[in-house]
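Read through the structure below, which is laid out as C-alpha cells, and then see the notes.
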Amino acid sequence: MTVRSRIIGCGSYLPSTILTNEELSRRVDTTDEWIVARTGIRQRHIAAEGEMTSDLAYNAAIKAMEHANVTAADVDMIIVATATPDNTFPATATKVQNRLGVVGFAFDIQAVCSGFIYALTTADMYIRNGQAKTVLVIGAETFSRILDWEDRSTCVLFGDGAGAVIVQAHEGVGTINDQGILASRLHSDGSKYELLHVDGGPSSTQTVGHLRMEGREVFRHAVTNLAAVIREVLDDTGITADQIDWLVPHQANQRILDGTARKFGISAERVVMTVDRHANTSAASIPLALSEAVHDGRIKRGDIVILEAMGGGFTWGASLVRW
Ligand code: UT7
C-alpha cells in the first residue's frame, strides 16, 4: 500500500471590488493597450478596507470544505501560503483555524508566488508520513497592500484573492495510475533577492515596505526555471508531455504561460488561464485557477495536471497530480 495525497475539493474567493486597466490609467501613466499587450491582464480584484488576507482565506476554505464534503472536525492541519499575512504574527493560518473551529495545527508558508506549490508539497509530506490525514491548503494574498501605487511598472500587475484545496490521505498502489500528487519539486535561489523583493520588513526598516521588481530579468528566469522544473516532475514519473491534460500555471503574465506551454507542445486550450481577470495574485493564483477549471468541469478525475510557479526569492516549483 502506498499513501497518496488526493485533492478532494477546491474553492476560491475574490473580493467584490474590480479595478480595470482603464481606471488604473487615470492613476498612473499607463494604458489598457500596454497592460493587455505585455501581460494579458484586463482587471484585478482589490480587497475592501478592513478586509484581510485571513478573510479571503476563510471564505475560500469554506467553499473548498463544502466541495470536499468535509467539516472542521475532519481537518487536522491547515497551511496558508501568503506573503501578505494579516500580522507579522500569529500566522494567518491560526486565524483561519480559529474561525473554522479546527482542532489540530496550523502554520503559514512564505514562498511568495510559489507559496501554494510549497504548501501543497508540505501537506503531501505530512500526509505520506502519517502525521496528517486531511489538510486544508490555502493560498491567500492582499498584494494591493504592499504595492507602490505610483510605480506603473508593478502596480498594474497584481491583484487580491484566495483559493483553497482539501488534500486527503488515500490508499494507492504506488503506480502513476494512482489518484493524487505523483511528484513535486521545489527550488530556491537567494542570490536573486534584488530582482523581486519588498523593500522593508519589521526587523530591517520597521515598515512593511513595497514590492520592487526588475520585470524583464524576472521574466527571463521564469521562462527557463519553469521549463526545467516541469521537466523534472515529468522525469520523476515517466509521464510524457503529450500525456499532460491540463497545465495550471501561476498567473503572472500571459506571455510566460504561452511560452511555457509551447515548450512542451501543450495547446492553449489545455492551459488554465485566469490572469486576464485576476492579474497576479501570488500564492493564490494557482488554487484560484484550479478551482475555476474543476468547478466548470474542464478538469476531470483521472486527468494529469501540472501545477507550476516561480516568484520572489527566487523560489520555484511544480507538482504533477493525477486528479
Ligand atoms: O509573479 C512573480 C513573477 N513575476 C513575473 O513573472 C513577472 C515577469 N515580468 C513581466 O511580466 C514583464 O517583464 C513585465 C510585464 C513586468 C514588463 O514587460 P516587458 O515587456 O518586460 O517590459 P519592460 O520592463 O521591458 O518595459 C518596456 C517599457 C519601458 O519603457 P522604455 O524603457 O522601453 O521606454 C517601461 O518604462 O514599458 C514601460 N512600462 C510601461 N508603460 C506603460 C513599464 N510599465 C509600464 C506601464 N504602462 N504600466
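Whatever order the structure lists ligands and atoms in, that order sets their numbers, starting from 1. Keep in mind that this is a model prediction, so the values were computed, not measured.
Counting protein heavy atoms only, atom 9 (N) of ligand 1 is closest to Gly215 O, 3.0 Å. In this structure, the protein non-hydrogen atom closest to atom 11 (O) of ligand 1 is Asn253 ND2, 2.7 Å. In this structure, the protein non-hydrogen atom closest to atom 39 (N) of ligand 1 is Trp34 CZ2, 3.4 Å.
Using a 4.0 Å threshold on non-hydrogen atoms, atom 34 (O) of ligand 1 does not count as touching the protein. Distance screen at 4.0 Å: atom 4 (N) of ligand 1 has a protein heavy-atom neighbour inside the cut-off. Less than 4.0 angstrom separates atom 29 (C) of ligand 1 from none of the non-hydrogen atoms of the protein. The presence of a protein heavy atom under 4.0 Å from atom 37 (O) of ligand 1 is confirmed. For atom 47 (N) of ligand 1, the protein comes within 4.0 Å by at least one heavy atom.
We find that Arg26 and Glu22 are joined by a salt bridge, their nearest charged nitrogen and carboxylate oxygen being less than 4.0 Å apart. Ion pairing between a basic and an acidic side chain is recognised when a charged N comes within 4.0 Å of a carboxylate O; Arg152 and Asp29 show such pairing.
At least one N or O atom of Arg152 sits closer than 3.5 Å to an N or O atom of ligand 1. The distance criterion of under 3.5 Å between nitrogen or oxygen atoms is not met by Gly311 with respect to ligand 1. Below 3.5 Å of separation, one finds an N or O of Asn280 facing an N or O of ligand 1.
Ligand 1 has Leu157 within reach: a non-hydrogen atom of the residue lies less than 4.0 Å from it.
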For residues 228-235, dump all side-chain donor-acceptor pairs below 3.5 Å to protein atoms at least two apart in sequence or in another chain.
from, atom 1, to, atom 2, distance (Å)
Glu232, OE1, His187, NE2, 2.7
Glu232, OE2, His187, NE2, 3.3

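Residues forming a side chain to side chain contact (heavy atoms under 4.5 Å, CB included) with Ala261 (at least two apart in sequence, or on another chain): Leu247, Ile266, Val271.
When heavy-atom distances to ligand 1 are checked against a 4.0 Å cut-off, Val156 comes that close only through its side chain, counted from C-beta outward. Here Val28 has no heavy atoms under 4.0 Å from ligand 1, in either its backbone or its side chain. Proximity of Arg255 to ligand 1, defined as any heavy-atom pair under 4.0 Å, is confined to the side chain (atoms from C-beta onward). Residue contacts with ligand 1, taken as heavy atom pairs separated by less than 4.0 Å, involve Ile256 solely via side-chain atoms from C-beta onward.
In the displayed structure, Glu217 atom CD is contacted under 6.0 Å by more than 12 heavy atoms of other residues, nucleotides or ligands.
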